[in-house]
Amino acid sequence: MLSMLRRREVQLGLIVVALACAVGFRAPVFLSARGLDSLFTDTAILVMMVLAQMLVILTRGVDLSVAANLALCGMLVARIGQFHPGVPLALLVPCAMFFGLVLGSINGLLIGFLRLPPIVVTLGAMSVFRGSIFVMSGGAWVSSHQMSPAFIDFPLQRLLGLPHLVWLAVGATLLAAYLTVYTRFGRELYAIGNHPVSARYVGIPIARRLFAVYAISGLVAGLCGYLWVARYAVAFTEIANGFELSVIAACVIGGVSIAGGVGTVAGAVLGALFLGVINNALPLLQISPFWESAITGAIILVAVVLNAREGPQPGRRILDAHAASESRAAAAGAEATVEP
């Protein structure tokens, strides 16, 4: 039982519950059915973005362009819906995902195959994407009366009592858990993050895996671009400005190591819920929303310190042990060769 309580995910889960109860004590509406429904709905997009970012960080990378990708794709589909109101939602959503996939694939190509630093590539992409929004929209907004009812209604329509947004987040969570735990692709991401040299030595196609994770990040950002615009019924040039900070913060809070190779889906989701509780609690506690960025930054610093103190998880260092055993075998073979 003691070892279980030491697990990062269990500790974080208890903190999230304790924080929610503390907020509920001050503002009982927070723990009402309506309050919890609002919490999960508001956090759903963050959860999906965090899961995609986790795959990137596992490989020792980072995607700073996710929020700009989201904003550009959201503006694109909003403009399509504005000027072509007859386009069905079943086509608009795949369009948003395709646009995001293309943008993410550009990052993946530069990082995976040209071996450029992820932070430089995605920082440059973020600026390009943000600038493209201004160029495309001319600084104009797309408001709710310029969008079709079907376009706006989908994210908040309910299925079995829950909004589509929440179901999409649940589906993304299950898919990410399966991908990281039960597939070769997921295990190879941990291997790349643990020791890229050893991963290449055992034949893992690093370039293709890096290309894939940035493409997935872009695809999810494209989907979330539509969901964001439809959820808030407005598209403007500053959509999700600074949202990449929240995405990375949730990953770090959830125990996803920025050094790569360490992290779980459960931890990432709990990190997103932790930020969701804080963001939803601030208005109820009458705390200025301007404190949100300061609080998020402080939490990142604390989480990074905690992650550094915990150190690497030995169970993840499979390739290190394999490489060490191969080195010992090679050394033994060399000694046998030089003996008379």
Please answer whether the main-chain N or O of L156 pairs with a side-chain N or O of H164 as donor and acceptor at a distance below 3.5 Å. no
Is it true that Y190 and F185 fall in one hydrophobic cluster, defined by side-chain heavy atoms closer than 4.5 Å? yes
Find out whether T122 and I111 are in side-chain contact, i.e. whether some heavy atom of one side chain is under 4.5 Å from a heavy atom of the other. yes
Would the number of heavy atoms belonging to other residues, nucleotides or ligands and lying under 6.0 Å from CD1 of I119 be above 12? no
Would a distance-only check, ignoring hydrogens and angles, find a side-chain to backbone donor-acceptor pair under 3.5 Å from T183 to G186? yes
Do S38 and D42 have a side chain donor and acceptor closer than 3.5 Å? yes
Regarding D37 and R158, does a basic nitrogen lie under 4.0 Å from an acidic carboxylate oxygen? yes
Between D63 and S217, is there a side-chain donor-acceptor contact under 3.5 Å, judged purely by atom types and distance? yes
Hey, any chance M54 and F211 share a hydrophobic cluster, counting ILVMFWY side chains that come within less than 4.5 Å of each other, even indirectly? no
Nearest non-hydrogen partners of L189 and T59, listed with the distance: CD2-CG2, 3.8 Å
Has the side chain of R209 got a donor or acceptor atom that lies under 3.5 Å from a matching backbone atom of I204? no
Does H84 use its side chain to pair, donor to acceptor, with the backbone of V87 at less than 3.5 Å? no
Tell me whether the rings of Y226 and F151 are parallel (<30°), tilted (30 to 60°) or perpendicular (>60°). perpendicular
Kindly indicate whether the side chain of L219, heavy atoms from C-beta on, has any atom under 4.5 Å from the side chain of F98. no
Hydrophobic cluster membership, V166 vs L159, 4.5 Å side-chain cutoff: yes
Do L123 and V252 sit in the same hydrophobic cluster, where Ile, Leu, Val, Met, Phe, Trp and Tyr count as joined when their side-chain heavy atoms come under 4.5 Å apart? yes
Tell me the closest heavy-atom pair linking E244 and A67, and the distance in Å. OE1-CB, 2.9 Å
Can you find a heavy atom in the side chain of V256 that is under 4.5 Å from one in the side chain of V262? no
Is the side chain of T43 donor-acceptor paired with the backbone N or O of F40 at a distance under 3.5 Å, no angle test? no
Please determine whether the number of non-hydrogen atoms from other residues, nucleotides or ligands lying under 6.0 Å from atom OH of Y232 exceeds 12. yes
For N194, is there any backbone N or O sitting under 3.5 Å from a side-chain donor or acceptor partner on R60? yes
Would you confirm whether W228, through its side chain, and G74, through its main-chain N or O, come within 3.5 Å as a donor-acceptor pair? no
Please check if Y178 and V170 belong to a single hydrophobic cluster, counting links between Ile, Leu, Val, Met, Phe, Trp and Tyr side chain heavy atoms closer than 4.5 Å. no
Using a 4.5 Å cut-off on heavy atoms from C-beta on, say whether the side chain of L51 contacts that of V220. no
Please examine the side chains of I80 and L92, heavy atoms only from C-beta on, and report whether any two atoms are closer than 4.5 Å. yes
Could you tell me if the side chain of L70 sits less than 4.5 Å from the side chain of L223, heavy atoms only? no
